[in-house]
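Residue numbers start from 1 in every chain, and the chains themselves are labelled A, B, ... in the order their sequence lines are given, proteins ahead of strands.
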Amino acid sequence: MSAADFSLAGPSAVPLVMVLVSLVPGTLIFFLGEDQVRLRSALNLSAAVAKLGLVALLVPAVVDGARPEWRAPLYPGVDLVLRAEPLSLLFAGLSAVLWLLTTVYAIGYLERYSHRSRFFGFFSLCVAATVGISFSGNLVTFLVFFELLTVTTYPLVAHWGTAEAVRAARLYLFYTLSGGMSLLAGVALLTSRAGSVDFEAGGAGAVRRFAEESPGTAVVAFGLLVAGLGVKAALFPLHGWLPRAMVAPAPVSALLHAVAVVKAGVFGIVRVVHDVYGVELARALGVLAPLLALACVTVVYGSVLALRQDDLKRRLAYSTVSQVSYVTLGIAMFSEAGAAGGLVHLVHQGLMKITLFFCAGIFAELLGVKTVSGLAGVGRRMPLTAAAFTVGALGMIGLPPVAGFVSKWQLGQGALDAGRPELLGVLLLSALLNAAYFLPAVCALWFGDPADDAPEHREEAPAALLVPTLTTALLSVAAGVAAGLPYSPLWMSQLIADGVYPG
Amino acid sequence: MSTLEWYLWVAAALLGLACVRLLLARDPLVRLIAINVAGSGSLLVLVALAARTDPPDPVLHALVLTGIVITVAFTGVGLVLLRRAEEAAEAPGEDGAAGNGEGP
Amino acid sequence: MSTALFALALLYPLALTGALALSGTASPRRAAAARRLLVRCAPPAAVPFVLLTLLPSAGGAQPPALALPWMLFGTSWELDGLARPLVLAGALLYGAALAATAWPRPAPEEGAGSAGLTAFLLVSLVGNMGVCTAADAVTFYLCFALMSFAAYGLVVHHRTREARRAGRVYLVLAVASETALLAALLLVVSAGGVRLADAPAAVAGSEHLHWIVGLLLAGFGVKAGTLPLHVWLPLAHPAAPAAASAVLSGAMVKAGIVGWLRFLPLGEVALEGWGTALVLLALAGAFLAVPVGDLQRDPKVVLAYSTISQMGFLASVVGVALAVPELAEACAGAAVVYSVHHGFAKGALFLGVPVWKHFGSARTAPLVVVGMAGAALAVAGAPLSSGAVGKYAAKHAVEGVTVLGADLTQLLPLVATGSTLLLLRFGVLLARADLGPGHRPDAELWAWLLVVATGIAVPWSLTRRWVPSADLPGLELVTLWDASWPILLGLVIGAAWWALSAREALPSWAAHPDGRAVSPGDLVVPEEALLRRARRWAAGTQERGARSRAAAAEAARRLRPGPRELDAARSAVRAVHSWSGSGAVLLALVALVVLALAVAP
Amino acid sequence: MNDPSALLGLVVLGPLALVLVTGVLPERWLPPVGLAGAAGTSAAALVLAAHVGRSGPVGHDLAGWGPPLGIVLRADGLSALFLALTALVGAGVTVYAASDRAATGDHPRFWPLWFAVWAGLDAVYVAGDLFNTYVALEVVGLAAVGLVALGGGPAWGPALRYLFVAVLGSTLLLVAVALVYAQAGTLELLAAGERLASSGWDSRWAAVLVVVALGLKAALVPMHAWLPPAHGSAPTAVSAVLSALVVKAAFFVLVRMWFWVLGPEPVLAVVLGLLGALAVLWGGVLALAQRHLKQVVAYSTVAQMGYLFLLFPLTSAAAGDPEVLRAAWGGTAALVVGHGFAKASLFLSAGTLKSVYGTDSLSELARVVRPLPSVVMGMGVAAVTLAGLPPSLGFAGKWQLVVASVGSGQWGWAAVPIGGGLLSAAYLLKPLTVMLREPQDRARPLPESRSASLRVRYAPLLLALVPLVLGLAGPALPDLATTGGPPGGGP
């Protein structure tokens, strides 16, 4: 491990270190005793901070064009490639920030419960897989880490061990494994015909040649890839597992929805459309239109179903199903502004949705409030948590100055640039539906009169739960207000989108 | 058809019939006997093959001897196991889930 | 210097609101003290805005502006000719409203509640002023959203059942208007109108012109209370505290007009169809509001309908500007002047309601009566009052325009008659209302007096100096008569009405109107009934869906193999796995393979 | 010891010597001696394998006697792979057996029988000629029957059935060897292969005999019924060895005969492929239906063996394309090694649970309040390899098989590893959820009847981790498997 290995250009071990930073503590934590809380927390937090520092170190270098890459032979004819690109830093940055905050939250949340070493071990492995996904340089590496994510999230969903949790976890595993099957078939088909597919900004050359020879097989491969990724990205027919997985503890729901799983699926779709096929080829093959239609259906379907759920976490789950498809919508729109909007929403939705889940966790854990109707008058008893929930909710609706507005405005412009005003209609319909299921909750929170037996005194959540919640709420507002600053999520997304759409 | 081919066909028929009987027999003792018949059938094939050259091929004869040794060894072990299996089947209380080899 | 003042003006109220919110985290005792202090220094928040407008901008000096390129997509504000008068009027009104709620010595019965009210007032102040001075589409939308949602806080302040219902109606319409506006602004921006200055030209040139104009009319129509979208006004005003409804009617409603003046392609392209439709709707709103308003029992609802009627008048002027591009310049000036006048007059009336209740009986009674009468006369457009300025400018701007054959300049004065009738009803209701215990004169009174005084002086002076396109009414006899005959007509009708009802000649619902004939918010009642039926139907389909799913699950359960089938399967497997069973299968397989090999080449 | 050819002899004669030693020693000395012997043998095997990996196949005529009568020992890439697998898994199981008497059926004769099996296995892998292969296979068969019988009363029936299968297999193999000798005139593997290829002899019937004989011993589907009762009722260490190693010896001999001696037979290859696919399906479905943990693991063996038989159709369809051949051989090698380790680990875990809680019935195990965390983790990690999830060898094998089948244009075979992965995940998930789930009725918790020592609790986890790490070993495995590849059929 000479110093040259840590250079920021060409072959270097930095991306590998990024993955190991959460892999090593993860494996160590498994062997810690249940009561070694301080050691485990120290290990976890130091790893999270280290990862955050590394991402911060990498961002300026990568933006200036450096592409540190680590390559090792994996299977015959295929390499394990980890490469740092702006897109990977966008996703890795999001998961690094939210991993730190979710760890703090989880430490506070699971204080009175058992199996914590198992939880934090798998939690770190999960983030290692997520970072592996974001840094993967070719399709096979992406597939390896994508399946690793499935394996490591199963025990988290089944963490409580109740019959319902185990059943939900089994359904989750069934969905994601069959998704993995379809993805494996697609990747194998592409790799065997077009060679080891490395990600290139405008789409891999080998894939373009392969698509010219046999467009039919290329479309089949695209279908297999998107079907496999669609399960985790909760696209319309494949989203069944997400609401059922709400049985997991709040930090896991936060992880599933905002940090890792759903984002990995959508990130995969971005990779396939942008860096494997390239946008022009995807359009030429005519695969963008069905993807766009599917995204529109999911956007509206998710919102409509969210309207009918009274359980708070299930409503948030269906809202995620809808919101995540904004990203797919942006990507499939075939316009630079739309792509930037989709990418920035990947980050903004993460920040806002994790705030909402943290609040839902606090409401459920301290007040025992699990339904939206139960939120009446909670604002007076927990003003700070309620404020965070309000910021998240207003952001989801897309009201300035919270981050949600920025991505919705960008997507709107993208839709008009692409000459598809009807997409703007879909976006606004979804925004109306979002308002329909979030505003009553916010109004009940602040202006509703509490149930008569509910105590009146203020009882804020303990710091370990409250601080992460407020931080993510502030981040959501900051990402919106300071959207113009360099290195802001919007700035990075526009940089990436500019790379994808030549000229 | 020369005598060599005649013996080859007889041996093959013997081996085939013994195998069918072995596979379809329900009683373990019948199977044990069928094994020996099949063994001798296979050895007859070897002897017939050896007899093609004059003097007969010593290597094949060595194979025949080994074949005999192995069949005898297996038959011995088989008989001991047969006895123990029947004792186990009679003795109640054993959770003979696997029973006398008929288990699923 | 002007940018610093602009930043201070925007930041000070937000800082105060933030402090008010954070003060909640301290211990209850310290929090209450901190809140009282913060509320005390809320009213001066309006001062920076007033100073901003009074900055000497003579000699083409760059108008005061503020640009934050790093915020959102680059936010920028600029105090241009159109914004200046409105900001001045709005700031004064907000200042008075804040003073009325914050400074009175014996805190009114809400007590701690006033902190929440002050916070929402401050936020809506920033939002409102931001809307007037926004220089690009994103900032406009940001401030418009800020103002709309802060207003919700004002409407549901008392948390009574009516307040919550008014809040719900307001919210639904506000969200709808936000969505329509977002679509319109996106279309405008994609047509190239990022900066508001070149928005009208961009809209005129865009191929989605009709979509944009339709969305703008609907989006801002909700705020400006034009006919079908006005239902929230009569519900919101009685529910909100007096100071809040003063601000709502006085300043926030004007945001709709500002939006139209900024974005609609006035003077760029002649839109006959849209213009005429807007004028018709506006006039219908102006005239229909009068009978409905007269049948109400709550003075604030009457005032609300008067606002709807006055905003109808304003909307018709904008409609004319839309239809006839040549008159656009004059109409815009007239609209601004009229907005300023209406802001002061209606604000004074709304603030006057509690003032009359607290000071109507004591020594200050005559002062209050004179003030209220003056404000009422201004609303009706009496000569020498600010109303005259507004109406004259409007009438002069729409010279010679006929709609469906009727000459507009004849119709507009009739609106004055309607207002007179409404204000008579308001006066009667106030007179009959029982007065509370006399208060010693305090900030509430002085704030009200400030609004009445500025209401008289400011419109005259700022029209001459800041709005060149609108000209002032002279003192000749003919203009005086033009201003006063509608009022006299209104008085005559009022007197006749009073006489008839005294002799029981009128049907009871007309004689003693008690608000039941047409309940406030007229159209909303049938709409809510429709909504309830839709919700019941949806619940029905959901429940039917649940029943059918349960039936399907039941059928599936019967299909699944029961214990009998399982045992059969298990014994079958055991048979195949027995020695002879598997032997037979093996033999069959070998036979097949041998056959295949024999056949194969 | 530096002379590799001496290692060839040591690898076979070492364990044979140990058979005698452990047969004689009093019971107290058996575990330590066993451990030392296992360490020595596996070290020799690993050194040999490394040597072959570095510098290609090694040959040696035992005691200087030439081919017609002497015993020729030869180790190429494939045998090195199987030797290494046997060494590592054997050592792991021996450590486990030495620390837990129950695992050896509580019978001192476990050790001699176990070393006899080990010697037989090594002999099969390094045998250079057909006759030695046959004899070595019989030694393994007989010792294995003995080992199964150690399981006491319930194991005698299955042991008897296993004996019949072994004998039938050996008889048919003997006839096949005789036919080959009659045609080729020599028993030496490579020479016989060349002569048969050159003489253009129609080897179809000999191939059928070999397939049936070795299919019986390798429990290929219609001939699999003997395996679950035998492996299920045998003691823990025995069932681990049988499933992980003994079954693979038969597969090894089939591969030797198929590629080195008889030459590929296209029609029969397709039949083998179909039987493999049927095995994956049938084994999986039955594993799902089982109510006892050891039976689930036993049927999982039947299912996982199915994957290996895809090698034949893929190589015969490859028509010499080196890319596809390399992927097929690499995939099969990865699956063989991955399955070896994972299956041994799973059986040891099941054994530990049975010895600690006294039962392996899933409904009873559900009443366990706090299952041993390391054992559950071991089962989880083993399940990852068996289900073919990254980064395990299972996934590497699955990936290469899919690439081979897509590359050779026969998409159908790709469905077997892909679908099989899901099915194995399903039947491995059942016992895992029983362990992960909080017990419903806390009133009747299942007590821990015996405490398990540290080695017993962590051995399964260590064995399961090896294929996980090897998964990232890159092209090391495929290269080893294909050094000194078969004449026509190799890359």
Side-chain angles (χ1 to χ4, degrees), chain A residues 307-308 337 377 379-380 383-384 386-387 390 394 397-403 405-406 408-419 421 424-425 427-436 438-440 442-444 446-449 457-458 460 466 480-486 488 490-491, chain C residues 21-22 24-25 27-28 31 68-75 116 137-146 148-149 152-153 155-161 163-164 167-168 171-172 174-176 178-183 185-191 194 206-208 211 215 538-539 541-542 545:
Chain A
L307 203 56
R308 290 172 43 192
R380 259 193 296 282
L384 287 177
T390 312
L394 294 186
I397 301 169
L399 291 176
V402 190
F405 165 74
V406 168
K408 200 165 77 168
W409 181 271
Q410 191 72 22
L411 281 169
Q413 274 187 312
L416 293 176
D417 289 358
L424 183 59
L427 281 173
L428 294 182
L429 175 62
S430 172
L432 270 177
L433 290 169
N434 287 352
F438 270 123
L439 281 184
V442 171
C443 296
W446 292 104
F447 305 105
D449 38 28
H457 60 277
R458 265 166 43 76
E460 275 302 352
L466 194 58
V481 165
L485 284 175
S488 78
L490 179 65
W491 189 81
Chain C
L22 286 181
T25 54
S27 72
L68 305 172
W70 49 268
M71 182 168 154
L72 281 177
F73 292 91
T75 45
V138 174
T139 320
F140 185 91
Y141 185 71
L142 167 67
C143 300
F144 195 84
L146 213 61
S148 307
F149 285 92
Y152 174 76
V155 170
V156 289
H157 175 68
H158 287 308
R159 287 183 174 61
T160 58
R161 222 176 52 74
R164 214 169 278 126
R168 210 176 25 256
L171 206 55
V172 167
V175 167
E178 291 291 322
T179 313
L181 272 187
L182 184 63
L185 293 189
L186 273 169
L187 288 167
V188 165
V189 164
S190 81
V194 178
S206 127
E207 77 271 14
H208 302 294
W211 267 103
L215 285 170
T541 48
Q542 196 176 13

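When each of A/G398, A/P400, A/A436 is scored by its heavy-atom pairs under 4.5 Å with chain C, the top score falls to A/P400. Chain A forms the most heavy-atom pairs under 4.5 Å with one residue out of C/L146, C/L68, C/T75, C/V138, and that residue is C/V138.
Put simply, CD on C/E178 and CG on A/L432 are 11.0 Å apart, with the number rounded to the nearest 0.5 Å. For the atom pair C/L186 CG and A/L427 CG, the distance stands at 9.0 Å (nearest 0.5 Å).
Considering all non-hydrogen atoms of both residues, C/R159 and A/W446 come closest at NH2-O, 3.8 Å. For A/Q413 against C/V189, the heavy-atom pair with the smallest separation is NE2-CG1, 3.2 Å. In this structure, C/V175 and A/A435 approach most closely via the heavy-atom pair CG1-CB, 3.7 Å.
Of the atoms belonging to A/L384, it is side-chain heavy atoms, and not backbone ones, that fall under 4.5 Å from chain C. Heavy atoms of A/L416 lying under 4.5 Å from chain C belong exclusively to its side chain. Within the 4.5 angstrom heavy-atom criterion, atoms from both the backbone and the side chain of C/L187 approach chain A. Using a 4.5 Å cut-off between heavy atoms, C/R164 touches chain A through its side chain atoms alone. Both the backbone and the side chain of C/A183 come within contact range of chain A, judged by heavy atoms closer than 4.5 Å. For A/P401, the parts lying near chain C are the backbone and the side chain together; criterion is any non-hydrogen pair under 4.5 Å. Only the side chain of C/F149 comes within contact range of chain A, with at least one heavy atom under 4.5 Å from a heavy atom of that chain.
The aromatic rings of C/Y141 and A/W409 sit tilted relative to each other, their planes meeting at an angle between 30° and 60°. Ring pair C/Y152/A/F447 is perpendicular by interplanar angle, where above 60° counts as perpendicular and below 30° as parallel.
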**Asked** Is there a side chain to side chain contact (heavy atoms under 4.5 Å, CB included) between A/F405 and C/L182 once you walk through the steps?
**Response** CA-CA 10 Å; A/F405 165 74; C/L182 184 63; 4.1 Å; yes
